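Each ligand, and each atom within it, is numbered from 1 in the order the structure gives. No experiment lies behind these values; they were computed from the predicted model shown.
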Amino acid sequence: MCGIVGYVGKRPVVDLLLKGLGQLEYRGYDSTGIAVERSGEKKIEILKSEGKLENVARLAKELDQAAKGATCGMGHTRWATHGKPTTQNAHPHRTGHVVLVHNGIIENYAEIKREMASKGYHPVSETDSELFGFLVLEEMKAGKKLRPAVTASFRRITGSCSVVVMSDLEPGTVVGIRNGTPMVAATDPKGGGILASDAQPLLDLTKDVIFLEDGVGVEITEAGLKFFEFANDAEVRPATTHLDWNAENMEKGGYPTFMRKEIFEQPTAIVDTLNATLDRAKTEAFPLAKHRASDLLLAAEEIVFVACGTSWHAALLGKYWIEKYARIPVAVELASEFRYRDPVLKPKTLVIGITQSGETADTLAVLKDMKKRGVPTAAITNVRGSSISREADGTFFTAAGPEVGVASTKAFMAQLVTLLCFAGARSKVGPQAAGIDPKVSKKLFEHTLALPHAIQTFLGDEQGLAKQVKAIAKALDDAKGFFFIGRGYSFPMALEGALKLKELAYVYAEGYAAGELKHGPIAMIEEGMVVVVLAPKDSWRDKTVSNLEEVKARGAKIVSVGEAGDTHLRSLSDHWIPLPHLEDEALLPFAMAPVVQLLSYEIALLKGTNIDKPRNLAKSVTVE
Ligand code: AGP
């Protein structure tokens with residue numbers, strides 16, 4: 001779960017690496033480092049530090065001309081797995097003339113460590129990564145050039161990871177291998193090339209990129225890129241993907257944080273995802289665009305969603321919608337649990353992995369396992385070329401655009417759009433469709449098309465919902481803890497609200513199905529606790545209001561989220577956030593999402609936490 005960038009070419013590499021690492025910091029940010037080849041000298045210089053990139057950027061200012069003139073180098077931003085986040089454990093690691101960065105885990109490190117110790121190699125860091133340098137050094141001692149030495153070493157290790165290696169002895173060369181954690185490469189039109197853990201650092205140079213498959217490596221020199229399989233050193237020619245992502249998308253666009261920008265981009269994410277999921281040339285309700293994944297969805301008799309975190313909450317809503325509108329059974333599974341169970345799946349079950357990053361280790365592992373068992377698989381992801389999109393039999397791409405804030409907002413919204421489209425599309429096909437009134441999905445479709453406008457109006461600008469939520473957040477600053485409660489569609493939103501608050505503001509927060517409160521958690525309710533009650537005017541509203549009264553009677557402060565005209569709910573509440581009137585209750589989660597996101601955001605702001613990069617988290621969780 002680290003970020004890697006490497007470059008060889010004609011551009012000054014120090015700034016290029018620092019900028020690239022800034023774009024990859026979401027992958028981990030507890031230490032950072034760069035290695036650059038001093039111009040005109042056969043010598044690689046390393047700068048590294050614990051903490052954020054700015055520490056290394058400060059060190060880079062002190063570099064002399066030979067280092068500043070470097071046009072070959074690599075960098076790394078770390079999320080610690082083996083060893084503490086210290087400068088010593090930061091990458092790059094040097095072993096003799098070999099310098100490397102690594103993302104992922106070397107599972108057989110203990111065995112390699114023993115073997116290398118017997119040859120006199122003793123690591124100075126606590127990382128598993130450093131051991132890889134010993135292997136490369138040994139191979140080069142035996143006469144191999146850098147690239148074959150790296151592939152031979154890679155064949156010795158187990159576990160999913162990527163490495164990028166340089167050597168003082170082979171100036172102007174960077175060798176990278178991908179096996180289980182992502183790597184993207186591109187030719188620099190000015191000469192040479194670049195690689196990185198995702199496409200963002202490449203976009204300043206080109207939009208034509210190559211997503212490496214597992215088992216494939218790339219050697220970059222000023223002459224360009226050469227791709228090879230590490231298993232047998234054979235050269236390969238992977239396909240190029242043209243990305244329509246705009247480098248400007250990556251900037252904050254005037255917002256103080258990426259997360260805030262991404263919250264306000266949600267109406268666009270809804271429009272773009274509807275356009276990506278549906279065949280908009282057709283006028284029927286929910287016409288899924290035809291491709292392998294939509295064929296699989298339409299043929300399935302049961303669906304199992306697997307996901308983690310926020311994507312799992314999206315899956316829960318998907319279940320509610322699909323079961324209601326399409327009447328086919330849906331199970332929702334935590335990927336980290338499902339992968340170690342021995343599940344019983346009926347024939348014609350489709351397993352769908354939902355992951356905005358497309359790299360989440362547990363979700364990916366489930367799909368790989370299902371593939372081995374011959375179970376059809378599909379994916380919903382926001383990242384083209386991501387690992388899951390290559391693993392699944394078919395993929396639905398959400399179109400939220402790049403999401404930089406670690407807390408998922410617009411990517412979650414885009415997942416909801418895709419899942420709602422699944423429900424509408426499945427209501428029309430399959431044996432169960434005979435019993436479903438087509439007028440229902442037609443109406444839902446009309447209301448769905450009106451949704452982006454409704455959410456845009458609701459979100460408004462900084463003077464609208466955001467201002468109101470900010471004032472409420474201020475009044476809750478001294479809360480002991482939070483419960484988010486809801487029923488029906490509001491239940492997954494309650495879970496999502498609590499998760500957002502935990503990850504952004506680091507305060508105690510629980511999400512509960514309102515009906516579950518009295519089965520234990522109500523014992524926690526006392527003065528000082530805040531209960532956020534999600535009670536829009538839907539089929540569950542009255543029952544949720546009864547639960548509100550129970551917690552109010554026990555001293556909790558109540559923040560209600562309900563329909564604008566619900567004066568009764570308002571009168572029971574200490575704080576009140578009105579939702580817009582949406583024609584269909586199934587669409588209410590789209591309005592509740594920005595409310596819980598902004599509430600967590602504003603509380604986090606008051607606590608002074610790092611909103612785009614919360615502590616201990618990373619945007620893509622490529623370790624289990
Ligand atoms: C979202 O705000 C969280 N950061 C986290 O729960 C996330 O949703 C989870 O790690 C799954 O990520 P994925 O969608 O990339 O698989």
Legend entry - Atom indices of ligand 1 within 4.0 angstrom of S357 heavy atoms, with elements: 13 (P), 15 (O)
Legend entry - ligand 1 contacted by K500 (non-hydrogen, < 4.0 Å): yes
Legend entry - Q415 N/O under 3.5 Å from ligand 1 N/O: no
Inset, instruction - Would you please indicate if the ring centroids of Y320 and F491 are separated by under 6.0 Å? - result: no
Legend entry - Heavy-atom side-chain proximity of V5 to Q23 below 4.5 angstrom: no
Legend entry - Steps toward salt bridge (charged side-chain N to carboxylate O under 4.0 Å, His left out) verdict (K261, E403): CA-CA 10 Å; K261 171 174 172 269; E403 188 178 69; over 6 Å; no
Inset, instruction - Any atoms of ligand 1 less than 4.0 Å from a non-hydrogen atom of T360? List them with their elements. - result: 12 (O), 13 (P), 15 (O), 16 (O)
Legend entry - Listed once per pair and sorted, the ring pair (Phe, Tyr, Trp, His ring centres under 6.0 Å) pairs that draw on residues 589-612, sequence neighbours left out: W321-F590
Inset, instruction - Show which atoms of ligand 1 fall inside a sub-4.0 Å distance from at least one heavy-atom site of S408. - result: 1 (C), 2 (O)
Inset, instruction - Using the test salt bridge (charged side-chain N to carboxylate O under 4.0 Å, His left out), find all partners of E337 that sit at least two apart in sequence or belong to another chain. - result: none
Legend entry - Over 12 foreign heavy atoms within 6.0 Å of NZ, K371: yes
Inset, instruction - Classify the angle between the aromatic ring planes of H91 and H76 as parallel (below 30°), tilted (30 to 60°) or perpendicular (above 60°). - result: parallel
Legend entry - Shortest heavy-atom approach to atom 1 (C) of ligand 1 - which of V306, T363, T310, T381: T310
Inset, instruction - From the options C308, S386, A307, G309, select the one whose nearest heavy atom is closest to atom 11 (C) of ligand 1. - result: C308
Inset, instruction - May I ask you to check if ligand 1 and A407 share an N or O to N or O distance below 3.5 Å? - result: no
Legend entry - Atoms of ligand 1, numbered as shown, that sit under 4.0 Å from any heavy atom of S311: 8 (O), 13 (P), 14 (O)
